[in-house]
Amino acid sequence: MSANPANSAENSPLHSRSDAFFNESLVAGFTHRAFTKAMGFDDEDLQRPVIGICNTYSELNNCNNNLREVAEAVKRGIWQAGGFPLEFPTISLGEVFLSPTSMLYRNLAAIDTEEMIRGQPLDGVVLLVNCDKTIPAALMGAVSADLPAIMLSGGPMLNGNYNGQVLGACTDCRRFSDELRAGTISETEYRAIENGVVRSRGHCMVMGTASTMNSIMEALGIAFPGNGATPAADTRRLQLAEKVGRRIVALAQEGIRPSQIITREAIENAITLLCAVGGSTNAVVHLPAVAGRLGIDLPLDRFGEISKRTPLIANMRPSGKYQMEDLFYAGGIPAILKELLPLLHGDALTVTGKTMAENLADVQVHNRDIVRPLSEPLQPEGGLTILRGNLAPDGAVIKHAAATPALLQHRGRAIVFKSITDLKARVNSPDLDVTPEDILVLQNAGPVGGPGMPEVGNLPIPEKLLKQGIRDMVRISDARMSGTAYGTIVLHVAPEAAIGGPLGLVRDGDEIELDVPNGQLLLHVDEEELARRRSQWQAPTPAYSRGYGQLYIDHVLQAPEGVDFDFLRGNDPVGVVAQPKF
Ligand code: FES
C-alpha cells in the first residue's frame, strides 16, 4: 500500500507521488530506493520532488535532434531548484521519416506520453518536443495525465541560404520542386538548393505546423515566453531550458496542473495567435483534440469567429515574407502577443506563475515590418475561414491568407481523384483533361480513408499546367496540408468521403462553387442525383485489418473533433495517482 493514501489529483501535497514511491513500507520502498540508488543517486536525492523529462529525441526525427542537449540544460535547472530530474523517452514522430503519415501515430504517442506520466513516480514533467506531431501528442498526453507540466520545444532552424537568397523549409522545397518540374531550374541548381535549405538543427523555420504549434504553446500559457521563436542554434534556447527546469520544481510544489492553465480562455488566446500569424491549418485539428480531452466544447465555427475579429499582423511565410529567426530578433511570439493583448484574455494563468498580461509587461517590438501594429495590419482579418455547404455539412477549412485572392470566389468543373494512389498515377499524365479553371478534388484521404488524414491536401498542380506557368488552382479534399504549403486549398472536409460524406459523391465534370467571403462550399448537383449516387456508394476497402491500424480506423473521430480517438476524450475521473506495486 502507498504510504500516502491522499495521493490523488484532487488532493496534491508537495511531491506526494515520489514520496509515496520511495517511502512505501517493507519490500516495496526498499526496492524502489535500492534500484534508484543503483543509478548512483543517494538518500538526499530521494527526498527531492521527482521531475520527469519526457524526451522525444530520436535519430529518426531530425527536427528533435538537439533535445539531448536541451534535456541537460533542463536537468541543471531542476537540480538548482532542489528537484530530482529523471529523463525518459517517448515515441518520436518525424514528419520526414514516418510513413504513411506521422498523423497516424499522433494518438499513439499521446497514449504513450499519458501512460508514462501516469505510471511513473513523477511529481511534475517537462515535455521536450519540436517536430509537428510531437507537440500536440505530448500536450494531449499531458492534459489527460494532468500532472504539473511545462512544454518546451527545441526551437526553429536558422534561415536557409542559397546564393544569397533566404530559403525556408519546407516552403521552398515545394517551390523549387515545382520549378524543376516546370523546367525553370536545372538539376544541379536544385541539388545546391537542397544543401542550403536546412542549415542548422531545429524544426522548419517558416510559420508551418511546428512553428505554429510551438508558438501556440506560449499563447496557451503551458510554455515559457520564448518557446516559439528562439532558434535551436541560439544559446538562449539552452538558457530558456534551464529556466524551465527551475520553474517546474516550483510548479510541481504548487500543484498547478495543465487543466488549470489550459482553460477555454487560454484556448481562445491560442486561436487568436493562430489567426494573427497566419498559422498552420493543422492547429484547427490539434486544438479541438486538446479541448476534447479537457471537456471544453470547441466548435469549428469558433475558429472562424475569432479569425474575423483578429487582424493578420505577423508578416511570416508562407503567407508573408519573414521566418522564425527574423521574428526572434523582432521580439518573438511575446512581441505578437503584446500587440494582440486587447484581443486576449490577459488574466489567463501561465506556467510562469504569472498571468499572460504580466508576462508581457516589459516586452517590446523591435521590427514593425515583421510584427505590425493592430492598427496597421497586413490584412484586417485572420488567415482562416471555416466553410460550410452541401459539400461540407460538418465544415471545412481554408487558409485564405496563403491563397490566390482571385480564386477565393470561384466556380469550376471537378476533376476527381478517388484516392492518393489514383492521384499519383494520373495527375501528371499528359492525357489528363484539365484546365486552370478546373477544381481538383481528392477523395478518401481523411482520418479513416487516408488513413491518418495525411498532408496531401495541397494536390500537385498537373505538370501540363505547370509548364503553362500555372502555380495555383482550387483544390479540395478531406486531407490535411503541411503548414509550410500554400495555395487555394480547401481542407478537412467533413464528414470525410470514406465514411459516406458528400465529398465521396463528387464525379468528374460536376460544378463546384467556392465562396470564401461568404464561407460556402457548394456542389451544384441536384438532390435527386445525389440520392441516387448515395444509394450506389460503397465504402473503400479498409487499409488495415489488425493491430494499431485497425484500432485507429475503428475509433478515430472526424476533423472537427480533432481526429482523436473516441475513448480518449473527456477527463479521467480518477486523475493521476501513485499505484501501489506490491
Ligand atoms: Fe519537422 Fe518540418 S520536418 S518541423
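Every number for a ligand or one of its atoms is a count from 1 in the order of the listing. Position 1 is the first residue of the sequence, and the numbers go up from there.
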May I ask you to determine how many protein N/O/S atoms are under 2.8 Å from atom 2 (Fe) of ligand 1?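 Step by step: take atom 2 (Fe) of ligand 1, keep protein N, O, S below 2.8 Å, and you get 1.
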Please identify each residue that fulfils side-chain hydrogen bond (donor to acceptor under 3.5 Å, both in side chains) with Arg293, with sequence neighbours left out. Ser144, Asp564
Under the rule for side-chain hydrogen bond (donor to acceptor under 3.5 Å, both in side chains), what residues qualify as partners of Arg181, not counting sequence neighbours? Asp178, Asn428
Looking only at heavy atoms, which two atoms of Gly304 and Ile386 are closest? And how far apart?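 Looking at all heavy atoms of both residues, the closest pair is N-CG1, 3.7 Å.
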Audit row: Leu423, Leu459, side chain to side chain contact (heavy atoms under 4.5 Å, CB included) steps and yes/no: CA-CA 8 Å; Leu423 173 73; Leu459 284 71; 3.7 Å; yes
Aromatic contact, Tyr105 with Tyr552 (centres under 6.0 Å):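 No, they do not, as the ring centres are separated by 6.0 Å or more.
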My understanding is that only residues two or more places apart in sequence, or in another chain, count here; which of them pass salt bridge (Lys or Arg N to Asp or Glu O under 4.0 Å) with Lys75?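 In terms of salt bridge (Lys or Arg N to Asp or Glu O under 4.0 Å), with neighbours along the sequence ignored, Lys75 is linked to Glu72, Glu87.
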